[in-house]
Amino acid sequence: MKYLAVFFFLMMQSCMGYSQDWIGTWAGKLNFGSQNLTFVLHLSQENGNWMAKADSPDQGAYGLPFSARMSKDSIYLSNPQGIKLQLKLESKTQLKGEFSQGGMILPLVLHRGESKGAIPPAAKYQTPAPPYPYDTTEVVIPNDYARIKLSGTLTQPKDEGKYPAVILVTGSGPQDRDESLFGHKPFHVLADYLTRNGVVVLRYDDRGVGKSEGSFENSTIDDFSKDAIAALQYLKQVEKVDINKIGIIGHSEGGLIANLLAGQGLPNLSYIVTLAGPTIPIWELMVEQLYRVGKAEGMSEFQLAMAKDINKKNFDVVKSELATDAAFTQLKKNMNILEDSPKNEAMRKEILMMLTPAYRYFVRIDPSEFIKNIYIPVYGAFGSLDIQVPSKINMDGYTDYLPENSKTVIKEYESMNHLFQKAKTGRVAEYGQLAETINEEVLKDITDWIKGF
């Protein structure tokens, strides 16, 4: 999910006076008492926009994007897991500040330059490498709704003819066309497999990401849906595309978008594939997701029960029609924040993020209202170890509401996580530790299903 996912990056506002001083890789150690963990921060600029990602090589985690705010000689980073960093530019070779998570605050000093183990072992992943046995073209996709242009990659078989075709819609956070995360490139792998097997594929950078225009931060699910519609309209014009066999493959929130568009009867949409796509009300999913993540991270049953009760109350407020001020007051009461203080400043910022119009819009979505109107075939795939979009309750969402269709397949993949990797725990930290990007059984099933029409 774009608002709870562990992997996302946010374009930072340009701070031209400090650009060259900040750009680069910074590495240091976090001292947790019993162990020291390497922490690596990557700062870069593209087209005037800042990008920030972090690695924890000792945990096998790479490319974790952070939202950020710059102010003169300091940078403030945060992500939805509650990790926060406040760093000051001490010199051209050193950043100094604090790392905080879950109430724990640790000093952190980062030095310019790579650290041993800072580069992910990319060779072990499935990422394809050229030369490719198919045609690859960089394309520009006009979105007339938003008056922006999206940048993407079109892959298609070399041989003449008409082929089934799909657009790929990303999940979890501002993503590039490959849905790059933790050293993996799932959409590159998926596009490569499909195209090698006779399917035309269009994938694109999210708005405000990579080479695509627009602002990600100020966009809603409705905006991202219009981006997908624009991509589908573009695909319809491709000469090798069979106009009667065009579909959407969406991962996580991309699967939600596929459900929303299919439920509204989008013209020329012949089928959808949802990979861990939410089917239950988003406010319910968020509560369940937070519970599963907390359990996987070792919280006690008592802590989980307390957190779940508070989260239910919080999301009831977020999805309500309360004005921002009233909602803010109620959320502070729910979390027992009785006074303004430096200690509570971070929590106050988190509350304000929950009350942004885009977030409240997202939380109010009930996919079942759209799923009950989907009359085209659906391939719904879920991983039994997925803690972000738990399989059983979301499979039930299809079972309870999706109209019958002889070509529809709803399948749970045993021992697979949110990324459809064979996993042991399903924990987010495990994603980057696994050599597999997408399990081949999933790739083959999707391809065979699409080509079976």
Side-chain angles (χ1 to χ4, degrees), residues 134 139 141 143 145 150 152-157 159-171 177 187 190-204 221 224-279 367-382 397-398 401-411 442-453:
Y134 49 80
V139 299
I141 305 162
N143 179 338
Y145 304 100
L150 304 173
T153 299
L154 178 70
T155 55
Q156 50 188 331
D159 294 339
E160 295 300 318
K162 295 291 185 180
Y163 298 91
V166 296
I167 64 169
L168 306 186
V169 183
T170 65
R177 67 195 70 187
F187 274 14
L190 180 56
D192 177 79
Y193 192 97
L194 287 166
T195 311
R196 287 173 185 267
N197 288 279
V199 180
V200 177
V201 181
L202 176 61
R203 63 193 198 272
Y204 55 93
I221 292 290
F224 302 130
S225 296
K226 286 184 170 65
D227 291 340
I229 293 173
L232 190 137
Q233 294 297 325
Y234 182 94
L235 196 57
K236 285 167 54 179
Q237 310 304 317
V238 176
E239 186 176 348
K240 291 183 179 180
V241 168
D242 184 339
I243 194 70
N244 297 311
K245 296 181 180 180
I246 298 179
I248 295 174
I249 299 179
H251 176 230
S252 192
E253 190 180 89
L256 171 64
I257 290 173
N259 282 326
L260 301 183
L261 293 178
Q264 295 175 78
L266 182 63
N268 297 118
L269 182 60
S270 302
Y271 57 87
I272 62 171
V273 177
T274 62
L275 303 173
T279 68
S368 66
E369 295 299 315
F370 298 85
I371 290 172
K372 65 185 181 183
N373 293 316
I374 297 177
Y375 297 102
I376 58 175
V378 175
Y379 193 101
F382 299 90
Y398 274 141
Y401 296 103
L402 186 64
E404 289 189 18
N405 187 303
S406 61
K407 295 181 179 180
T408 286
V409 175
I410 309 300
K411 182 174 180 177
V442 180
L443 295 170
K444 185 177 186 303
D445 285 351
I446 293 170
T447 303
D448 290 347
W449 185 78
I450 291 173
K451 295 188 70 177
F453 285 102

Go through it in stages, so that I can follow the logic: the residues are T279 and L402, the test is side-chain contact (heavy atoms from CB on, under 4.5 Å), and I'd like the CA-CA distance, side-chain angles, deciding distance and then a yes or no. CA-CA 10 Å; T279 68; L402 186 64; over 6 Å; no
Between K236 and I243, does the side-chain contact (heavy atoms from CB on, under 4.5 Å) criterion hold? Intermediate values first, please. CA-CA 6 Å; K236 285 167 54 179; I243 194 70; 3.6 Å; yes
Considering the options V273, I248, V199, which one meets the side chain to side chain contact (heavy atoms under 4.5 Å, CB included) requirement together with V166? V199
Under 3.5 Å, is there a donor on one side chain and an acceptor on the other for Y398 and T408? no
Measure across Y204 and A228 and return the closest heavy-atom pair with its distance rounded to 0.1 Å. OH-CA, 3.4 Å
Could you go step by step and tell me if E253 and I221 meet the side-chain contact (heavy atoms from CB on, under 4.5 Å) rule? CA-CA 9 Å; E253 190 180 89; I221 292 290; 3.3 Å; yes
I need the N259 CG to I374 CD1 distance, nearest 0.5 Å. 4.5 Å
With D227 as reference, evaluate V169, L232, N143 under the side chain to side chain contact (heavy atoms under 4.5 Å, CB included) test and give the passing residue. N143
Rounded to the nearest 0.5 Å, what separation is found between the CD1 atom of I229 and the NZ atom of K226? 6.5 Å
I need the L261 CG to L269 CG distance, nearest 0.5 Å. 7.0 Å
Calculate, to the nearest 0.5 Å, the distance between atoms CG and CG belonging to N197 and D448 respectively. 8.0 Å
Do you know which two heavy atoms are closest between N244 and S270, and how far apart they sit? O-OG, 2.9 Å
What pair of heavy atoms forms the shortest contact from G397 to I371, and how long is it? O-CG2, 4.3 Å
Of all heavy-atom pairs linking Y193 and L443, the shortest is CE2-O, 3.6 Å
Option passing side chain to side chain contact (heavy atoms under 4.5 Å, CB included) with L202 (candidates I167, T155, T153, L168): I167
Roughly how far, to the nearest 0.5 Å, is OG1 of T195 from OH of Y163? 11.0 Å
What is the minimum heavy-atom distance between Y271 and P164, and which atoms define it? OH-CB, 4.3 Å
So, for N405 and K407, which heavy atoms are closest and what is the spacing to 0.1 Å? OD1-N, 2.9 Å
Student check: side-chain heavy atoms of I249 and I450 closer than 4.5 Å: yes
Verify side-chain contact (heavy atoms from CB on, under 4.5 Å) between V409 and D445, making sure each step is shown before the conclusion. CA-CA 10 Å; V409 175; D445 285 351; over 6 Å; no
Do the side chain of K451 and the main chain of I446 share a donor and acceptor less than 3.5 angstrom apart? no
Does some side-chain heavy atom of D192 sit less than 4.5 Å from a side-chain heavy atom of Y134? yes
Does K245 reach the main-chain N or O of F453 with its side chain, forming a donor-acceptor pair under 3.5 Å? yes
Side chain to side chain contact (heavy atoms under 4.5 Å, CB included) with K411: which of F382, W449, Y379? Y379
Would the distance check show the side chain of R177 and the main-chain N or O of R203 forming a donor-acceptor pair, the cut-off being under 3.5 Å? no
